[in-house]
Every structure is written in C-alpha cells, then in structure tokens.
Amino acid sequence: MIKIMKYGEVPNSEIFARSVPKTDVAGTVAEIIKNVRENGDEALFEYCEKFDKAQLSSLAVTKEEIDEALSLVEPEFLEILEKAAKNIRKFHSRQVRNSFIINDEDGIVIGQKIIPVDRAGLYVPGGTAAYPSTVLMDAIPAKIAGCREVVMVTPPTKDGKVNPVILAAAYVAGIDRIFKVGGAQAIAALAYGTQSIPKVDKIVGPGNAFVAEAKKQVFGVVSIDMIAGPSEILIVADGKSNPAYIAADLLSQAEHDKMASAVLVIDSAELARNVSTELEKQIPLLERREIARESIDVNGKIIVADTLDAAIEIANEIAPEHLELCVDNPFDKLDSIRHAGSIFMGRNCPEALGDYFAGPNHTLPTSGTAKFSSPLSVDDFIKKTQYTYYTKDALKKVAFDVAAFAKKEGLTAHAKSAVIRVEDEQ
C-alpha cells in the first residue's frame, strides 16, 4: 500500500527520498565497448546472438523490411502515428533558433551561426518492448534541426526482425538508416563506428542500465542527451480532485518499472486516503500489476501539505520528470512551478497525453535534474559557432586595451598579437 505522510511531521529525508538503481554494470559495459571498438561488426553479431538470441546476416534494416512492416501495421494505427507526428513537428518547429549578426559599429561585425550536428544517433528500446513514441519524439527534433543523417539502432527479436510498429514510426519520422543492434554494444557502435554503422555526433534515447552506463562512458567522444533514471510522476492536486483519476495517473508511471516513482502532493488528508483506496482497487486490474504493485509499495508516496502553495514548493524541491497540476485554474499556478521536466495542466490532462500525442517532448530530465536540465528539443541537435570581423581602423581603437588585458593575465604574446598590427602607425 502507498505510504501517506504529513509534511512537517516526518523527516525531510523521507519526503524527498528517491529510488536509486543499485545495479553496478560499469565493468561489463566497459568490456563491451572495448570489444566493439576493436572488433566492430564481428562483436555486434556476437552480442546479437548472445543477448537477443538472433543470428543475423546483416545489421542494416532494408527497404523491403520497412515495406513489410508497413503492411503489417493496422492502417488506423499508421494514421495515429501521422497525427502524433504532426503535433510533435508543430511544437518543435517553434524551437528553431536563428543565426544573428551585429554590425552596428563601423568596421566591426560579430555574429553567431546555428549549425545542426551532422549525424544524430537514436537508441530505441526493442525486443519484447515496443516504443514507437520514442522514435517520433527523438527523430523529429533532429530532422527539424537539419541533421544531415539520422541513424537509429534498436534490438532485434529472436527471428532477426524489428518490431513492425517501430519501423512504421521510423518511416513516419523520416529516419535515414536503421540497424538491428541494442544494448551497450549499440551505443558503442554509434560512438566509435563499425564497418556497418557510422559514427555519430550525438546519441539520444532511453534504455536500460547497460545503455545508460554506456552513454555515460562514451560521453566526450560523442555528445549525449542525458542519463535517464527511473520514470517519475508527481501530481499536485487540491481536495476537489477525483481520486479515481489521480490513482489512474499515478499508475500510468508505476507500470513502467518497479523502480518508477509515483508521488501525490495534496492539501487534503481525506482525498489522500481516498486515492490510496482507489489505488488498491485499480492495481489488481492492470496487466502489469506486479510491476505497479512494487513501484507503489516501495517508491510511491502521498505527501499531505497544509496548503496548495506548500504542495507546489515540495514539488519544486523534488523537481519531477512529469508534473500534473490538478487544480481548477492551473495557469494561475504555472509561474510558481520552477522545476519540472514537463507540466500537465488541469484536471483533463493526463501525463499519457504527453507520452504519445500532444506534441511536447517526452524525453525528460529525471532524478531531480529538472533543476538544471531541459526536455529533449531541437536545441539538442544544433551547435553554435561564433565569428568576429574587425577592419584595421576598428582594431586600432581597441588594440592597446586588448594588450593591457592580456598583460594582466601574464600573456604577453597575446598582447603582442593585438598591437603588432597597429603599433607602426601610432
């Protein structure tokens, strides 16, 4: 049963405690990365057979396989994928940054160029799982950013194929190349390149502990989006909220993983009890009830605060991945929320809308990193380059100022490089 605690009556260490995965896979992952770096495709084929039980003759997904997948997916679901993609493109298109130039002083031009990364690599979980939403959420911003190539890796099933809905989503998102490989070995292949898989500049996408550790270990060789922890939902609700709705939304995250965190912060002790009762009604009805049961019992909590404003401050301290604001006038409280990956406003906005359809990205900071991190966006697939131009006359006006600054730092060669161009004219 979910824990109910009164804020101020239990230690803050319990209020703000987080689930922390205890699996130590760093050594195993390092060995996998080393093997892929040294042996390329040969290592990938071996790992596919070992971990995915699939014997492959080629890592690349062919056009024929994509066509077959499209024929196997229900037309109705293809239409839903297109609708979701349209919403995601609409939202992320507004994130596009523009280059700028400043030339308001004679002889001086400074500016900034926005340049997409050349090649983005997307990791999509596969095998027994199928997350077409991840394909859309990760690929569409990369495409909008203007990446020259978007490459996807995903584990094969035992028959050596990729789940058809994954390939259908990749087709809708416009992914350029797809490879049948998963786990830490897939991250290594994207980071260093193999005979089949090209080296990328940025790796994005969720995965298990091995994938997360591999992303951590290759960071610096390539860029990554984030190190994602267990999924989280925090609901801030008032006493007028429907307990059945609240319980359903808490379970929408609890069913993800036994380590997932579902938290309700509320200003009503009565509703807290009613939500707990409703959870006990709904959990046995879930297909993934064993996972949800453990998540709720071990990591779930209901925190009762004195006021709604106090509840929001608790939420800010937790800085959740997903935050639902279940109140009558949510926009009145929006400015008070400082730390959350994505905010779902009002009583009719379940977090599942954001997972699949609404348009804002569902790849979000977890484990409190929303205090300093942002959702995946077009910005993740661009870099900035700045430039400076001075005429000789413009340089004359500032050369000795530059030199004085350089000398203060003990860098006399810096100083000389500025004045050598103008000292003969002084």
Side-chain angles (χ1 to χ4, degrees), residues 61 63 65-98 114 116-117 119-126 129-154 162-178 202 204-206 225 231 249 252-253 321-324 330-331 334 340-346 348-365 374-382:
V61 172
K63 181 181 183 300
E65 288 176 290
I66 295 172
D67 290 340
E68 179 187 12
L70 291 172
S71 72
L72 294 174
V73 175
E74 305 92 326
E76 295 81 7
F77 187 67
L78 285 174
E79 186 176 341
I80 291 170
L81 283 175
E82 294 284 4
K83 288 179 181 177
K86 180 180 178 182
N87 292 340
I88 296 165
R89 288 189 185 99
K90 180 179 179 181
F91 180 84
H92 289 80
S93 292
R94 298 296 293 269
Q95 297 175 336
V96 174
R97 292 176 177 265
N98 295 315
I114 302 295
V117 300
R119 184 180 287 126
L122 278 52
Y123 185 89
V124 177
Y131 298 112
S133 57
T134 295
V135 179
L136 299 182
M137 292 290 181
D138 290 357
I140 289 174
K143 282 292 189 177
I144 290 172
C147 296
R148 292 183 178 182
E149 188 173 42
V150 178
V151 176
M152 186 178 92
V153 292
T154 190
V162 174
N163 191 305
V165 297
I166 295 293
L167 293 184
Y171 173 82
V172 169
I175 289 173
D176 299 294
R177 300 168 72 185
I178 306 167
K202 177 99 181 210
V204 304
D225 52 352
S231 188
D249 291 358
S252 73
Q253 292 304 294
E321 178 187 16
H322 308 97
L323 190 153
E324 288 189 9
F331 287 95
L334 181 58
S342 194
I343 305 170
F344 300 86
M345 309 281 285
N348 301 300
C349 193
E351 180 275 329
L353 267 174
D355 273 348
Y356 303 114
F357 202 78
N361 210 282
H362 80 191
T363 301
L364 304 168
S374 305
L376 189 76
S377 71
V378 173
D379 284 348
D380 283 284
F381 300 98
I382 59 110

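What you are looking at is a predicted structure, and each value in this text was computed from that prediction instead of being measured.
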Are Thr134 and His362 close enough that some pair of their side-chain heavy atoms sits under 4.5 Å apart?
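A side-chain contact exists here, since the closest heavy-atom pair is under 4.5 Å.
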
[X] side, atom [atom1]; [Y] side, atom [atom2] - distance, nearest 0.5 Å:
| X | Y | atom1 | atom2 | answer |
| --- | --- | --- | --- | --- |
| Ser252 | His322 | OG | NE2 | 8.0 Å |
| Met137 | Asn361 | CE | CG | 5.5 Å |
| Phe381 | Arg119 | CZ | CZ | 14.5 Å |
| Thr363 | Glu321 | OG1 | CD | 9.0 Å |

Restricting to non-hydrogen atoms, name the atom on [X] and the atom on [Y] that form the minimum distance, rounded to 0.1 Å.
| X | Y | value |
| --- | --- | --- |
| Val165 | Pro132 | O-CB, 3.8 Å |
| Gly174 | Lys143 | O-CE, 2.7 Å |
| Val150 | Ile175 | O-CG2, 3.5 Å |
| Ser133 | Asp355 | CB-O, 3.4 Å |
| Pro116 | Cys147 | CB-N, 3.8 Å |
| Ser377 | His92 | CA-CD2, 4.3 Å |

Please say whether more than 12 non-hydrogen atoms of neighbouring residues, nucleotides or ligands are located less than 6.0 Å from OH in Tyr356.
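Open.
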
How far apart are the C-alpha atoms of Glu351 and Ser342, what are their side-chain angles, what is the distance that settles it, and do they pass the side chain to side chain contact (heavy atoms under 4.5 Å, CB included) test?
CA-CA 9 Å; Glu351 180 275 329; Ser342 194; over 6 Å; no

Please name the residue in the list Asp225, Val124, Asp138 that meets the side-chain contact (heavy atoms from CB on, under 4.5 Å) test with Pro206.
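Checked Asp225, Val124, Asp138 against Pro206; only one passes side-chain contact (heavy atoms from CB on, under 4.5 Å): Asp138.
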
Derivation and outcome, side chain to side chain contact (heavy atoms under 4.5 Å, CB included), residues Gln95 and Ile144:
CA-CA 9 Å; Gln95 297 175 336; Ile144 290 172; over 6 Å; no

Among all residues two or more places apart in sequence or in another chain, which pass the salt bridge (Lys or Arg N to Asp or Glu O under 4.0 Å) test with Arg97?
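In terms of salt bridge (Lys or Arg N to Asp or Glu O under 4.0 Å), with neighbours along the sequence ignored, Arg97 is linked to Asp379.
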
Scan the side chains in residues 66-86 for donor-acceptor partners under 3.5 Å anywhere in the protein, sequence neighbours excluded, and list what turns up.
unit_1 : atom_1 : unit_2 : atom_2 : d
Asp67  : OD2    : Lys63  : NZ     : 2.9
Glu68  : OE2    : Lys161 : NZ     : 3.3
Ser71  : OG     : Glu68  : O      : 2.6

